[in-house]
Every structure is written in C-alpha cells, then in structure tokens.
Amino acid sequence: MPVGFGAYRVTHHSTDHFDALLSAVNKGCSLIDTSSNYTGGESEKLIAQVLKKADHKPIIVSKVGYIQGENIKVVEELNSIGQASEDLVKVNDGLWHSIHPDFIRNQVQLSLSRLEVEKIDVYLLHNPEYYFYEEGANQDDYYKRIEKAFFELEALVSEGLIGAYGISSNNFILSPEDPKITHIERVMECAQKVSSNHHFTHIQFPFNMIEIDALEAWYDGLSLLNKAKGFDLKVMVNRPLNAFKGESLVRLATYDKTHPLIEESVAQKVFVNAMMILEKKFKEEEPDESIYNLPLIKQFNDLWNNTRTPDGVDQVYFSHFFPFVARVWGGDLSAKESGPFYDLYDVSLNYARNNMNEMAKDFESQAISAGLIEDGEAPLQVRLIEKYLSYQIDYVLVGMKDTRYVEQLEHLF
C-alpha cells in the first residue's frame with residue numbers, strides 16, 4: 001500500500017518537477033497518476049521525459065473527461081465530423097465535459113502520443129458526475145453513460161491501447177441517498193453488463209483526515225473502502241493533504257522546516273525580473289502599450305504575494321498568468337524562457353505555504369489531542385500519510401513537486 005506520484009499541475013517546463021518525478025521513480029515510486037487535462041497535457045509530456053531517464057517504468061494512470069483550453073477546439077473538430085456531439089456537458093464557456101466513446105478514443109490517442117508509450121496501464125473516467133450539471137439529470141441516465149463508456153474502454157483494452165480502466169469520482173464518497181452519488185454497486189453492475197470478464201479494476205476518490213466519508217458504514221454496515229475490497233477493486237485516494245471544511249480549504253501540511261519564508265527583497269527581485277521580461281516581450285508586438293495597464297496584470301500584481309493557499313496560487317498561474325505569458329510569446333516557451341516565470345511561481349507558493357502553515361499547526365494540535373495521530377519529529381504530512389496507509393487503500397496519491405517532498409516520503413514508496 002504505497003504512495004503514488006500525483007502529477008496534478010506539473011509541467012515539462014519545470015526542472016524542479018522533472019527532478020522530483022525522476023527522483024521518486026528511481027527511489028521506488030511504483031505509480032504515477034495524471035490526466036489528459038492536467039496543465040493542458042504538459043503533465044503527460046513531463047512523464048514521457050522522465051520515463052526516458054528512469055531506472056524502471058512505474059504504473060501509468062491517466063484519465064479522460066475534462067474539456068478545457070485547446071481540448072475545446074479538439075471537441076469542436078470532432079463535432080464537425082459528427083463525433084462526440086451527444087452527451088456533451090457544457091458547464092461554462094471554458095469548461096466542458098464528456099465521456100462519450102468518440103471523445104474517449106480521441107483522448108487515449110492524444111495521451112499515448114504525449115506519454116510516448118504504446119499502452120496506458122490504467123485509464124479512468126475523470127469525474128463523470130459533471131453530468132449532473134445537466135437539467136433533468138438522474139441516476140439511471142448517469143449509469144447508461146458510464147456503461148456506454150465502459151464498452152469503449154473494453155474495446156481499447158482488447159486493442160492493447162490500455163491495460164485496465166476505472167473511475168475517478170469525487171462523488172463516490174457521498175451518501176447512497178444523495179441523488180448525485182457515484183454508487184459503487186451500480187458502477188460494478190455497469191461493468192458486469194459489459195463483460196463477465198471486464199477490466200474495470202480501479203477507483204479513485206478524495207480521502208483525508210477531515211473528509212473521512214469513505215469510512216462511513218453506509219452500505220449495510222460496510223464502508224466504501226469495504227465494498228471496494230469486496231469487489232476486488234484497487235483503491236487510489238487523492239487530496240490526502242488538501243481538505244475542504246465547509247467552504248474553506250485546509251492544507252494538512254507544514255512547511256516551516258523545508259520552506260522558510262523567503263526574504264522580501266529577494267521575492268521582489270524575482271517579481272520585478274519576471275515582469276520586466278514580460279513587458280519587453282509584450283512591447284515587441286505592442287510598442288505603445290504596457291502590460292501594467294491590463295486588468296489581468298493589475299489583478300496579478302495584487303495576488304502574486306498575497307494568495308492564501310497553494311491551490312489558489314496554482315489557479316492564478318495555470319488558469320490566468322501562464323496562459324497570458326504563452327499568448328505574449330505566441331506559443332510554448334523554451335525551458336530557459338519560462339524559467340523566470342516559474343521562479344516567480346515558486347516565490348508565490350512560498351508565501352502561500354507560510355500562510356497555510358499556521359492553520360496546519362492548529363489542526364496538528366487538535367489531531368494529536370484527539371488521538372488521530374501521534375506527536376513526533378516527522379512533518380505533519382508524513383504522519384498523516386502513514387495513518388492513511390493503515391486503511392484499505394492501495395495508493396495514496398501525493399503531489400511531490402519538489403525533491404524535498406520525495407525525500408520525506410521515500411520510505412513509503
């Protein structure tokens with residue numbers, strides 16, 4: 001029951017991400033979890049780079065479902081030739097979702113290309129519960145969509161393009177009475193309808209010391225974890241250190257030893273350098289304009305050192321700032337060109353981690369008092385993950401974007 005590498009929001013442009021993933025694999029990490037939409041495919045490209053240098057090949061898990069960024073154009077092209085037009089969920093202008101067989105096949109091919117492999121070991125439907133954004137959505141139609149997707153996934157297994165499949169769903173952990181639940185028993189029924197020798201083998205859902213719904217005895221005295229083991233399913237859990245408590249995010253990790261607060265003068269130097277480079281490049285096309293007059297940059301100027309959570313930093317950078325930088329460059333940046341902007345990203349993360357550190361310390365005191373974890377010298381996150389691994393969990397997925405995190409957890413690979 002080891003720790004797996006959660007490759008959410010990593011990129012092939014970052015040498016830190018490359019070093020961390022390569023270190024994890026070479027130290028024995030046996031599974032990497034990614035998705036076609038993680039950083040617009042850059043996560044899968046990073047994995048391809050690492051696999052070329054790694055001492056061994058871990059299990060590769062990828063996913064399909066989200067349609068964002070360039071993938072919207074991909075779907076529009078599919079629709080123009082009569083493919084993947086059914087069951088398309090449009091949450092908003094920038095976020096669509098589909099588990100239609102046409103889209104699944106398209107995304108498998110794209111992921112294989114980015115990963116530079118001939119087969120993806122495990123392929124998951126990624127949060128199919130986005131269907132419930134549709135007016136009139138109901139449980140019966142939900143499983144019809146899943147069953148149709150499973151037929152395509154079985155075909156992909158038979159063709160040797162994927163080894164097995166499953167579902168990653170935040171809604172697995174809901175009460176069976178919730179109308180939006182991804183019900184483990186009904187999902188299994190879908191697989192059994194597709195084939196008596198189906199390859200539905202994995203499920204993934206959130207689990208952490210605050211969101212412990214997977215332990216609730218909602219199934220005639222059995223928990224979701226009990227049911228999964230009874231069905232002989234492999235269980236992967238995500239967000240082990242990012243917990244939602246009401247509307248707030250609680251980061252269950254401490255950083256005071258590994259990431260002391262950066263000096264203000266150093267942080268300002270990194271910020272000024274990145275913005276000067278961006279301004280210079282911008283003026284090559286717009287000599288009479290300035291980035292500092294743009295609403296996005298004005299907002300970024302307020303947020304780069306004042307965002308309260310690492311996830312908030314990721315949202316600012318990967319959804320807004322980095323796409324803007326790419327537009328200014330007219331496409332992908334080289335590793336050297338992107339360096340100053342990732343340096344600034346790291347500075348913003350440093351500020352956010354220190355903002356979250358105090359909250360994590362409060363949680364740590366409460367958890368020790370309640371007997372949930374023991375006091376000790378190991379960082380809070382290490383003790384928590386060790387606790388998770390005492391449950392019926394096959395892989396705890398951790399975003400180790402720094403070699404320091406890898407070193408903390410290598411004894412759990």
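Along the sequence shown, the residues carry numbers beginning at 1. A quick note: this is a predicted structure, and the numbers were derived from the prediction, not measured.
Checking side-chain atoms of Ser348 against main-chain N and O of Val313 turns up no donor-acceptor pair under 3.5 Å. Judged by distance alone, the side chain of Ser338 and the main-chain N or O of Ala335 form a donor-acceptor pair under 3.5 Å. Remark: the backbone N or O of Val74 is not paired with any side-chain donor or acceptor of Asn71 at under 3.5 angstrom. A donor-acceptor contact shorter than 3.5 Å is absent between the side chain of Asn127 and the backbone of Glu129. Panel note: side chain Asn79, backbone Gln83; a donor-acceptor pair is recorded below 3.5 Å. Panel note: side chain Ser223, backbone Asn226; a donor-acceptor pair is recorded below 3.5 Å. Using a distance-only test at 3.5 Å, with no hydrogens or angles considered, a donor-acceptor pair links the side chain of Asn171 to the main chain of Lys180. Without hydrogens or angle criteria, Tyr131 side chain to Asn138 main chain gives a donor-acceptor distance under 3.5 Å. Proximity of a side-chain donor or acceptor of Gln107 to a complementary backbone N or O of Gly65 within less than 3.5 Å is not detected.
The CG atom of Asp121 sits 8.5 Å away from the CG atom of Leu31 when rounded to the nearest 0.5 Å. Atoms OG and CD1, from Ser111 and Ile60 in turn, are 11.5 Å apart once rounded to the nearest 0.5 Å. With rounding to the nearest 0.5 angstrom, the CD1 atom of Ile72 is 8.0 Å from the CG atom of Leu95. Atom OG of Ser169 is separated from atom CD1 of Ile146 by 7.5 Å, given to the nearest 0.5 angstrom. To the nearest 0.5 Å, atom CD1 of residue Ile120 and atom CG of residue Leu156 are 9.0 Å apart. Phe5 CZ to Ile59 CD1: the interatomic distance, rounded to the nearest 0.5 Å, is 16.0 Å.
Minimum heavy-atom separation, Ile393 to Val396: CG2-CG2, 3.9 Å. Considering every non-hydrogen atom in both His56 and Cys29, the closest pair reads NE2-O, 3.7 Å.
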Only pairs under 3.5 Å count here: list side-chain donor-acceptor contacts from residues 231-238, not counting sequence neighbours, and write none if there are none.
from: Asn238; atom 1: ND2; to: Gln204; atom 2: OE1; distance (Å): 2.9

Which side-chain N or O atoms in residues 261-271 pair as donor and acceptor under 3.5 Å with protein atoms at least two apart or in another chain?
from: Glu264; atom 1: OE1; to: Tyr351; atom 2: OH; distance (Å): 2.7
from: Glu264; atom 1: OE2; to: Gln268; atom 2: NE2; distance (Å): 2.9

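At least one side-chain heavy atom of Pro176 sits less than 4.5 Å from a side-chain heavy atom of Tyr219.
The side-chain contact (heavy atoms from CB on, under 4.5 Å) check on Ala149 picks up Ile99, Ile104, Leu125, with sequence neighbours excluded. Residues passing the ring-ring contact (aromatic ring centres under 6.0 Å, His included) test with Tyr165, sequence neighbours excluded: Phe150. Every residue meeting the ring-ring contact (aromatic ring centres under 6.0 Å, His included) condition with His126, not counting sequence neighbours, appears here in chain and number order: Tyr38, Tyr66. Listed by chain and number, the residues in a salt bridge (Lys or Arg N to Asp or Glu O under 4.0 Å) with Glu42 amount to none (sequence neighbours excluded). Taking His320 as the reference, nothing meets the side chain to side chain donor-acceptor pair (under 3.5 Å) condition, with sequence neighbours excluded. The ring-ring contact (aromatic ring centres under 6.0 Å, His included) search around Phe363 returns none, not counting sequence neighbours. Remark: Phe132 pairs with Tyr142 by the ring-ring contact (aromatic ring centres under 6.0 Å, His included) rule, at least two apart or across chains. Among residues two or more places apart in sequence or in another chain, the side-chain contact (heavy atoms from CB on, under 4.5 Å) test is passed with Glu70 by Lys73.
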Could you walk me through whether Gln299 and Leu296 pass the side chain to side chain contact (heavy atoms under 4.5 Å, CB included) test, one step at a time?
-> CA-CA 5 Å; Gln299 188 175 24; Leu296 184 147; 5.9 Å; no
Show the numbers, then the answer: is there a salt bridge (Lys or Arg N to Asp or Glu O under 4.0 Å) between Arg186 and Asp140?
-> CA-CA 9 Å; Arg186 295 201 64 177; Asp140 288 341; 3.0 Å; yes
When you look at Leu412 and Glu386, which way does the side chain to side chain contact (heavy atoms under 4.5 Å, CB included) test go after all the steps?
-> CA-CA 8 Å; Leu412 300 175; Glu386 289 174 342; 3.9 Å; yes
Step by step, work out the side chain to side chain contact (heavy atoms under 4.5 Å, CB included) result for Asp102 and Arg105.
-> CA-CA 5 Å; Asp102 295 339; Arg105 182 165 290 272; over 6 Å; no
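Applying the ring-ring contact (aromatic ring centres under 6.0 Å, His included) test between Phe341 and each of Phe322, Trp329, Phe324 identifies Trp329 as the sole match.
Under the side-chain hydrogen bond (donor to acceptor under 3.5 Å, both in side chains) criterion, no residue pair touches residues 12-21, with sequence neighbours excluded. For residues 20-30, no residue pair satisfies the side-chain hydrogen bond (donor to acceptor under 3.5 Å, both in side chains) rule, not counting sequence neighbours.
Side chains of His199 and Glu154: a donor on one and an acceptor on the other come within 3.5 Å. Under the 3.5 Å distance criterion, with hydrogens and angles disregarded, no donor-acceptor pair is assigned to the side chains of Thr39 and Thr11.
The distance between the ring centers of Tyr317 and Phe300 falls below 6.0 angstrom.
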